[in-house]
Enquirer: 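Got a structure for you, written out below as structure tokens; questions coming shortly.
Chain A is the first sequence line, chain B the second, and so forth, proteins listed ahead of strands; every chain is numbered from 1.
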There are 2 protein chains.
Amino acid sequence: MQKVAACSHLLFDQLKKILYIEDEPYLARIVKDTLELRGYEVLHKKDGTKIMEQVSNFAPDICLLDVMLPNIDGYALATHIRNMNPQLPIIFLTSKTQPNDIVKGFSSGGTDYLKKPFSMEELIVRIENQLKIMSRDTPALQSLPDEVRLKNYRFYPGKFELHTPSKVIRLSNRESQILAQLCAHTNNAVDRRALLQLVWGDDSFFNSRNLDVYIRKLRGYFEGAEGIEIITLKGKGYHFVVS
Amino acid sequence: MQKVAACSHLLFDQLKKILYIEDEPYLARIVKDTLELRGYEVLHKKDGTKIMEQVSNFAPDICLLDVMLPNIDGYALATHIRNMNPQLPIIFLTSKTQPNDIVKGFSSGGTDYLKKPFSMEELIVRIENQLKIMSRDTPALQSLPDEVRLKNYRFYPGKFELHTPSKVIRLSNRESQILAQLCAHTNNAVDRRALLQLVWGDDSFFNSRNLDVYIRKLRGYFEGAEGIEIITLKGKGYHFVVS
DNA sequence: AGGCAATGTTAAATAAGGTTAAACATAGTA
DNA sequence: TACTATGTTTAACCTTATTTAACATTGCCT
């Protein structure tokens, strides 16, 4: 049986980004760290001031909102966000558990509502669920250009082709996804967990040497390419050097 | 019917249909009556035998599944339903509240998970939320234009014709449906299961290589067409490249 | 320095899909 | 009624992407 990747049908998507509003620092810390470990990029804020700015600049894939916040409450935030973006998933995290609160949560634009205290497993699974639902029919979110120049190689993400000086290599889906990620972070670190999360969806998928196999293949393709190299950052990820 | 006007989900649509599997008769009674009062059509069953038949005959807009059921459990039911219909919302109703149960719920194809005991308000609001999310992205078959330009080919979905530079190919019904789907997602991934679901409905249609045969035919038609290609995304679907 | 976990390297196993051709179904028609 | 033509499904066999597994290597940490 094969695992269904959470978001892999969006071919070349970036790391998923989470905007997280929570005023309780201790809880916020735990949640943020855990999510980052799982390969998400998390922007945490203690309140909802400048939320619109953050939504448009940070461009999150999903928002987590506490309800009881200083100044503006979570419901009002959701309403604003929903006005600006009709698609963006919003999960409320709150200890307000009365039916009426929940109704308010959904009618203000929330797409899920999670009662405190919650387990991180449940939060993660609900985040992934929302992302899966939302990404089901998002058109052309390709974040890479049609052609990526890598020295005298050319990578065409949309066509699954890698052109070397001497030949054209047809890449498989996985190869292409991974290379796309590397390209998106050229001369920068790519987190290993994030890569796994992105390509395989990560559902309790820790022990496989699968990624290594694909890295090997890509390295094979770039063999003999002066100035192109995939460097291992042990315990961290990879560094795609193009110099 | 009485309070129909008050129910926002009834305004523009048919009665929404709910398939509800629950073996505890008292609870089932209350839930069914309340939902019907709210203007839903509810088909209640005490277990999951013949679930596939019910899904295809009753054609529910959403399923509510208890987890602990005689014979087949709710997770297994969800998996079956999900195989048959990749879109249909499934809400679990259960007293199993361990993180692991929840993970299982979502990974078996659930789209929401509600812990017992729950309030009817919460259930209803979650049902409406799922319906709202689902109605946002309906597959775009009918919205195709009369003429689709694919490089120097032309596809006329309404006329079942594919014009190549040299000749006119009359497409069959199936060929046309599949090509239309591909066109609707040009330069994007099309989910294999969604395609099967769309073209063949679903009826216990798991092992057939039928779609492949049609993909072959379409590939044949585009043979020699520079920049038009149907790429396989193994385990996922197809990617229609037009560049 | 040496133990250990993380990653590299291969090869084999598996599952997903490709390719044909023949069987089947159906509607039109001699 | 049988005959054709056409679209669709089934089936057998082939190819390849992806996963798994087994063993080798690297480099960090005490």
Enquirer: Separation of A/Y214 atom OH from C/dT10 atom P, in whole Å?
Expert: 17 Å
Enquirer: Rounded to the nearest Å, what distance is computed from the CG atom of residue A/L211 to the P atom of nucleotide C/dA6?
Expert: 14 Å
Enquirer: May I ask you to evaluate whether B/W200 reaches the phosphate of D/dT9, defined as a side-chain N or O under 4.0 Å from OP1 or OP2?
Expert: yes
Enquirer: Is a salt bridge present between B/E229 and A/R170, judged by a nitrogen-to-oxygen distance below 4.0 Å?
Expert: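 Looking at A/R170 together with B/E229, the answer is yes, because their closest N to O distance falls below 4.0 Å.
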Enquirer: Quick one: is the NZ or CZ of A/K32 closer than 6.0 Å to the six-membered ring centre of A/Y20, and within 45° of its axis?
Expert: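 No cation-pi geometry.
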Enquirer: Under a 4.0 Å N-O cut-off, is there an ion pair linking B/E223 with B/R219?
Expert: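 No, B/E223 and B/R219 are not salt-bridged.
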Enquirer: Sort by first number and list every stem of DNA chain C: at least 3 consecutive Watson-Crick or G-U wobble pairs, both distances under 3.5 Å.
Expert: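 When the pairs of DNA chain C are grouped into runs of at least three, the stems are C:1-30 with D:1-30.
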Enquirer: Taking atom P of D/dA17 as reference, at what distance in whole Å does atom CD of A/Q177 sit?
Expert: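 Interatomic distance, CD of A/Q177 to P of D/dA17: 15 Å.
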Enquirer: What I want to find out is whether B/K16 reaches B/E41 closely enough, with some N-O distance under 4.0 Å, to be called a salt bridge.
Expert: no
Enquirer: When you measure from every atom of DNA chain D, which of residues 222-243 of chain A have a heavy atom less than 4.0 Å away?
Expert: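 Here the set is A/K234.
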Enquirer: Just the rounded figure in Å: distance from C1' of C/dA6 to CG of A/L196.
Expert: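 Distance, rounded to whole Å: 13 Å.
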Enquirer: In whole angstrom, give the distance that lies between atom CG of A/N210 and atom C1' of C/dT9.
Expert: 14 Å
Enquirer: For the residue pair B/Y221 / B/E175, report whether a side-chain donor-acceptor contact shorter than 3.5 Å exists.
Expert: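 The answer is yes; a qualifying pair exists.
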Enquirer: Using the ring of each side chain (for Trp, its six-membered ring), is A/F222 parallel, tilted or perpendicular to A/F240, with breaks at 30° and 60°?
Expert: tilted
Enquirer: Quick one: do A/I127 and A/L123 satisfy side chain to side chain contact (heavy atoms under 4.5 Å, CB included)? Show the steps, please.
Expert: CA-CA 6 Å; A/I127 288 172; A/L123 176 58; 3.9 Å; yes
Enquirer: What integer distance in Å separates B/I215:CD1 from C/dT19:C1'?
Expert: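 B/I215 atom CD1 is separated from C/dT19 atom C1' by 14 Å.
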Enquirer: Does the ring centre of B/Y75 sit less than 6.0 Å away from the ring centre of B/F92?
Expert: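 Yes: the rings meet the under 6.0 Å criterion.
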Enquirer: Given atom CD1 of A/I178 and atom P of C/dT7, what is their separation to the nearest angstrom?
Expert: 14 Å
Enquirer: I'd like to know if B/K45 and B/D66 make a salt bridge, using a cut-off of under 4.0 Å between side-chain N and carboxylate O.
Expert: no
Enquirer: Please determine whether a side-chain nitrogen or oxygen atom of A/R209 lies at a distance below 4.0 Å from atom OP1 or OP2 of D/dA21.
Expert: no
Enquirer: So, OP1 or OP2 of D/dT8: does either fall under 4.0 Å of a side-chain N or O from B/S172?
Expert: yes
Enquirer: Quickly work out the B/K217 NZ to D/dT10 C1' distance and round it to whole Å.
Expert: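 Roughly 13 Å, once rounded to whole Å.
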Enquirer: Look at A/D33 together with A/R29 and state whether they make a salt bridge at an N to O cut-off of under 4.0 Å.
Expert: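 Result for this pair is yes, salt bridge flagged.
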Enquirer: Could you tell me which non-hydrogen atom of B/V55 sits nearest to which non-hydrogen atom of B/P60, and how far apart they are?
Expert: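 Distance-wise, the nearest heavy atoms are O-CD, 3.4 Å.
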Enquirer: Counting the atoms with a prime plus P, OP1 and OP2 as sugar-phosphate, which does A/R192 contact under 4.0 Å by heavy atoms, base, sugar-phosphate, or nothing?
Expert: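 If one applies the 4.0 Å heavy-atom cut-off, A/R192 turns out to touch the sugar-phosphate alone, with no base involved.
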Enquirer: Closest nucleotide of DNA chain D for A/R170 versus for B/L171: which of these residues is on the 5' side?
Expert: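 Going by which nucleotide is closer to the 5' end, it is B/L171.
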Enquirer: Does the cation-pi check pass for B/K151 over B/Y153, that is, NZ or CZ under 6.0 Å from the six-membered ring centre and within 45° of its axis?
Expert: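 Geometry flag: not set, cation outside 6.0 Å or 45°.
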Enquirer: Are any protein N/O atoms closer than 3.5 Å to N/O atoms in nucleotides 20-28 of chain C? If there are, list each pair with its distance.
Expert:
| residue | atom | partner | partner atom | Å |
| --- | --- | --- | --- | --- |
| C/dT20 | OP2 | B/R216 | NH1 | 3.1 |

